[in-house]
Protein chains: 2
Amino acid sequence: MMRGIPEGAVHGGLAAQAALVFERERKERGTRPERVGKNRLGAEPRAAMALKSHSEAERRRRERINAHLSTLRSLIPGTCKMDKAALLTEVIGRIKELRTSTTEISQGVNVPADADEVKVEVNGHGGGPFSLRASICCADRPDLLADLRQTLLSLPLRTVKAEISTVGGRVKNEVVLTCDGCEDDSECSVFTNNVHQALKSVLERAAAPPEFPGKRRRISSPFHAMSSSP
Amino acid sequence: MMRGIPEGAVHGGLAAQAALVFERERKERGTRPERVGKNRLGAEPRAAMALKSHSEAERRRRERINAHLSTLRSLIPGTCKMDKAALLTEVIGRIKELRTSTTEISQGVNVPADADEVKVEVNGHGGGPFSLRASICCADRPDLLADLRQTLLSLPLRTVKAEISTVGGRVKNEVVLTCDGCEDDSECSVFTNNVHQALKSVLERAAAPPEFPGKRRRISSPFHAMSSSP
DNA sequence: AGGCACACGTGAAGC
DNA sequence: TGCTTCACGTGTGCC
């Protein structure tokens, strides 16, 4: 493993010394390698300096990379004493994991665009009761939640999970619906269409009574949608 | 940069050859380095084989690490032609970014534990109006949202964002509050305490009228909390 | 020409 | 002991 500053600076330097000594001995025995006239004057110290700066630069490069690897070790728990390769494997796993989880979460959580929209997609399909993930995004209004509730209750589906996020007068409602007594998965497509149509109707009812069609209504507080007494 | 398979396989081998030739020349001139009796018999080919397998193993190690780096390059867009160090810098940035976004999203989204709890933390503190992120987690009840709404409206804070997630009769309400006309950041601590106390009172009012103290009330639908007409 | 980045082989430690 | 991992210096190609 060799932690800290090893005296390994000797060995590589040892190979270098070996090569240099070899060069010197060849010269001493008169065995010029090739292109004698190329080295005009003072070529030896210049080459030595270049070699030294080269090794120092390479050293700095290694330190940079290792510092980054150390940062990665500190970032991912449980990799303190791991191999470089194992660390990178873990890093790759983390990137993939976080990427998928982030996208699959944020696509359902973040407040959507300014345009009204209705999304319905099959959540789990194979094996057991399937579930639908439906979301509707529109401008906030006091009776939206009640309308949405009544609409969903009219469907033969059970609301497993509901999530509401609102910001700036826009609201996104996302629900997860499941069918308790479903024996055939082939029905899920018709359920998907039904849910989509139902939410579309909510959207149309939302667009129906706009006092000022061109302007968006001003919402004083996100709790507009929560008010239990109109 | 040197992409692909360089013929650099020669040079390192060249240095090795130089060292080996040097070794051989020393032996030919009878200049034993040290410890002559140590090499008993057949030590030369054995050492050569060990050295060869060693270099091959090191080569495989490098290939493994580089393969992982290549995978990371494919994982993060825009790093195809980057340095190793720059690539790792980008990887670190990605990990941090994804980690924070995932945690800050999931900690507000996921359904909390079974225990009731109130959390209040300062969101943005330095520069401009600060904001508080407050959340309350408890069992669902019809008047919870109305209570929460009235409680928050009684505070001199504005509700910027509200998010509700409920599952299995448990509900988590998370709100982001800000103070519009705050000139001093030192007040945020008292606001934090006020919000915490207010939410605690909501929690206590929730625990007050339990028909069956030991058992949790059964909730038929998450839209219980949304019902606009009691 | 000089700096930079890379792959290579090798000595030293840890199991 | 052998196998693995690491840091090092070096050769080499590309700006």
Side-chain angles (χ1 to χ4, degrees), chain A residues 1-23 33-34 38-40 42-70 73 79-89, chain B residues 1-24 33-35 38 40 42-70 73 79-90:
Chain A
M1 201 64 78
M2 186 183 294
R3 274 283 72 111
I5 300 179
E7 51 272 28
V10 177
H11 78 18
L14 199 145
Q17 284 181 2
L20 290 179
V21 171
F22 172 44
E23 279 289 325
E34 48 183 327
K38 189 179 178 181
N39 303 335
R40 302 186 71 87
E44 259 194 66
R46 274 185 63 88
M49 288 299 286
L51 221 59
K52 181 181 176 183
S53 76
H54 181 30
S55 67
E56 285 177 354
E58 182 66 15
R59 200 174 109 115
R60 277 190 291 270
R61 172 176 168 270
R62 274 193 300 264
E63 285 176 355
R64 243 174 23 226
I65 294 179
N66 284 335
H68 286 157
L69 291 179
S70 179
R73 276 200 182 83
T79 58
C80 306
K81 287 305 168 188
M82 265 190 184
D83 239 336
K84 279 185 182 179
L87 167 67
L88 291 180
T89 303
Chain B
M1 200 64 78
M2 184 185 294
R3 274 282 70 113
I5 301 179
E7 50 270 31
V10 177
H11 75 22
L14 198 144
Q17 283 180 5
L20 288 179
V21 170
F22 172 45
E23 278 290 324
R24 193 178 304 117
E34 48 181 330
R35 307 270 309 158
K38 188 180 180 182
R40 301 187 71 87
E44 258 194 68
R46 275 185 62 90
M49 289 298 287
L51 222 58
K52 182 181 175 182
S53 76
H54 180 29
S55 67
E56 286 176 354
E58 183 65 16
R59 194 181 133 109
R60 279 190 291 269
R61 172 177 168 270
R62 275 193 299 262
E63 285 177 356
R64 241 171 29 224
I65 294 179
N66 285 334
H68 286 156
L69 292 180
S70 179
R73 276 199 182 83
T79 57
C80 305
K81 288 304 167 189
M82 265 188 185
D83 240 338
K84 279 184 181 178
L87 168 67
L88 290 181
T89 303
E90 214 66 22

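Residue numbers start from 1 in every chain, and the chains themselves are labelled A, B, ... in the order their sequence lines are given, proteins ahead of strands.
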**OP:** Could you tell me the separation between the CZ atom of A:Arg59 and the P atom of C:dG3, rounded to a whole number of Å?
**Re:** 18 Å

Original post:
Just to confirm, is there a sub-4.0 Å distance from OP1 or OP2 of C:dA5 to any side-chain nitrogen or oxygen of A:Arg64?
Top reply: yes

Subject >> Sole candidate of A:Thr89, A:Leu87, A:Leu88 that passes side-chain contact (heavy atoms from CB on, under 4.5 Å) when paired with A:Thr79 >> reply: A:Leu87

Original post:
Does a side-chain N or O from A:Lys52 land closer than 4.0 Å to OP1 or OP2 of D:dG9, or not?
Top reply: no

Subject >> Exercise: identify the closest heavy-atom pair between A:Arg64 and B:Ala85 >> reply: NE-CB, 4.0 Å

**OP:** Report yes if a side-chain nitrogen or oxygen of B:Lys84 is closer than 4.0 Å to either non-bridging phosphate oxygen (OP1 or OP2) of C:dA7; otherwise report no.
**Re:** yes

Subject >> Atom-pair distance (CE on A:Met49; P on C:dA1), nearest Å >> reply: 15 Å

Original post:
Taking atom C1' of C:dA13 as reference, at what distance in whole Å does atom CG of A:Asp83 sit?
Top reply: 14 Å

Original post:
Please give, in whole Å, the distance from D:dT5 P to A:Leu88 CG?
Top reply: 13 Å

**OP:** Let me know, please, whether A:Glu56 or B:Ala57 comes out on the 5' side of the other along DNA chain D by nearest nucleotide.
**Re:** B:Ala57

Original post:
If you check the B:Asn66 side chain, which of D:dC6, C:dA7, D:dC8 turns out closest?
Top reply: C:dA7

Original post:
Which comes earlier along DNA chain C counting from the 5' end, the contact point of B:Glu58 or that of A:Arg62, where each point is its nearest nucleotide?
Top reply: A:Arg62

Subject >> Under-4.0 Å side-chain N/O to phosphate OP1/OP2 contact, B:Arg46 with D:dG2 >> reply: yes

**OP:** Could you walk me through whether B:Glu58 and B:Arg61 pass salt bridge (Lys or Arg N to Asp or Glu O under 4.0 Å), step by step?
**Re:** CA-CA 5 Å; B:Glu58 183 65 16; B:Arg61 172 177 168 270; 2.8 Å; yes

Original post:
Whole-Å distance between C:dA12 P and B:Leu51 CG?
Top reply: 12 Å

Original post:
Is there a side-chain polar atom (N or O) of A:Arg61 under 4.0 Å from OP1 or OP2 of C:dC6?
Top reply: yes

Original post:
Once you round it to whole Å, what is the distance between P of D:dT4 and CE of A:Met82?
Top reply: 18 Å

Original post:
So, for B:Lys84 and B:Arg73, which heavy atoms are closest and what is the spacing to 0.1 Å?
Top reply: N-NH2, 4.0 Å

Original post:
Atom CG in A:Asp83, atom NE2 in B:His68: separation rounded to 0.5 Å?
Top reply: 10.0 Å

Subject >> 5'-most by nearest nucleotide on DNA chain C - B:His54 or A:Ile65 >> reply: A:Ile65

**OP:** Check the distance between C:dA5's C1' and B:Leu69's CG and give it to me in whole angstrom.
**Re:** 13 Å

Subject >> Gap between atoms CG and P, on A:Leu87 and D:dT5 respectively (whole Å) >> reply: 13 Å

